[in-house]
Amino acid sequence: FIWAKLVAELVKLKPNASIQDILDGNAHGRTDDVDFMYGKILLETLGQLPVQNRLNARRILSTILLAKDPLHFSLLEQLPVINSIADESHWSAKNTISELSSLIALDENMCLRIPHKSFADFFLDPDRSLTAMDRLEVPAQEQHTYLFNREGDLASLAVFCLQLMVGSLKFNVYGIP
């Protein structure tokens, strides 16, 4: 669905470009138009949220992307950022996934993934994502609430993994001498 929407939006942006150039990403020879569309999707899906919930959603996106493999939904509910940022509106992982359904796929096993590698490439590349936000005229002081924060998001994921290990790993589980 998102791919078709992107192509339709790109056709609107570049009505004189051939459909094959758009499909091949050659309308400019770069990824600027796709990046612009991903930036627009982030603005539309996260822009109506309060800042704390937007940061929460951004951290969930980052966690899913950094995990590389599909991540089970129940793990997101255990993320420390979910519990520490949740406000009076009872913001939850479920609400976040619902808001981001155009970017996140939830399969029959309740595993989450980002189905479009091009979104991962955009989101994890600060040059591409910042350029798109600049094109969308998002104020510089607000851009960080939408985009990947390398140090912060990696640290958050590392702490989360350590907390999971501390809570679930057992010493000598089989009792081997």
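Index from 1, following the sequence.
Relative orientation of the Phe119 and Phe122 rings is tilted, given thresholds of 30° and 60° on the angle between their planes.
Remark: the backbone N or O of Ile41 is paired with a side-chain donor or acceptor of Thr45 at under 3.5 angstrom. Proximity of a side-chain donor or acceptor of Glu137 to a complementary backbone N or O of Asp134 within less than 3.5 Å is not detected. Within the 3.5 Å criterion, the main-chain N or O of Asn109 finds a donor-acceptor partner in the side chain of His72.
The nearest pair of heavy atoms linking Gly47 to Tyr146 is CA-OH, 3.3 Å. Residue Ile60 comes nearest to Leu76 through the heavy atom pair CG2-CD1, 3.8 Å, listed as atom of the first residue, atom of the second, then distance. When all heavy atoms of Cys111 and Pro70 are compared, the pair lying nearest together is CB-CB, 3.8 Å. Of all heavy-atom pairs spanning Met133 and Gly39, the tightest one is CE-O, 4.0 Å.
Note that OG of Ser118 is 2.5 Å distant from OH of Tyr38, once rounded to the nearest 0.5 Å. Distance check, rounded to the nearest 0.5 Å: CG of Leu66 to CZ of Phe160 gives 12.5 Å. Going from atom CZ of Arg54 over to atom CG of Leu43 covers 8.5 Å, rounded to the nearest 0.5 Å. Note that the CD atom of Gln143 and the CG atom of Leu136 stand 9.5 Å from one another [nearest 0.5 Å]. Taking CG of Leu65 as the start and CD1 of Ile114 as the end, the distance is 4.5 Å to the nearest 0.5 Å. Distance check: Leu49 CG to Leu100 CG gives 8.0 Å after rounding to the nearest 0.5 Å.
Here the side chains of Arg113 and Leu71 are not in contact, with every heavy-atom distance at 4.5 Å or above. Between Thr63 and Leu75, every side-chain heavy-atom pair lies at or beyond the 4.5 Å cut-off. Leu61 is listed as a side-chain neighbour of Leu42, based on a closest heavy-atom distance under 4.5 Å. Considering only heavy atoms from C-beta on, Asn95 stays 4.5 Å or farther from Ser98 through its side chain.
Criterion: ILVMFWY side-chain heavy atoms under 4.5 Å apart, direct or through other members. Under it, Leu169 and Leu162 are part of a common hydrophobic cluster. Ile176 and Val173 fall within a single hydrophobic cluster, where Ile, Leu, Val, Met, Phe, Trp and Tyr side chains are chained together by heavy-atom contacts under 4.5 Å.
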| message | Set out, in order, the CA-CA distance, both residues' side-chain angles and the distance that settles side chain to side chain contact (heavy atoms under 4.5 Å, CB included) for Asp125 and Asp121, then state yes or no. | response | CA-CA 6 Å; Asp125 184 333; Asp121 295 341; over 6 Å; no

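By the 4.0 Å N-to-carboxylate-O rule, Arg58 lies close enough to Asp153 to be salt-bridged with it.
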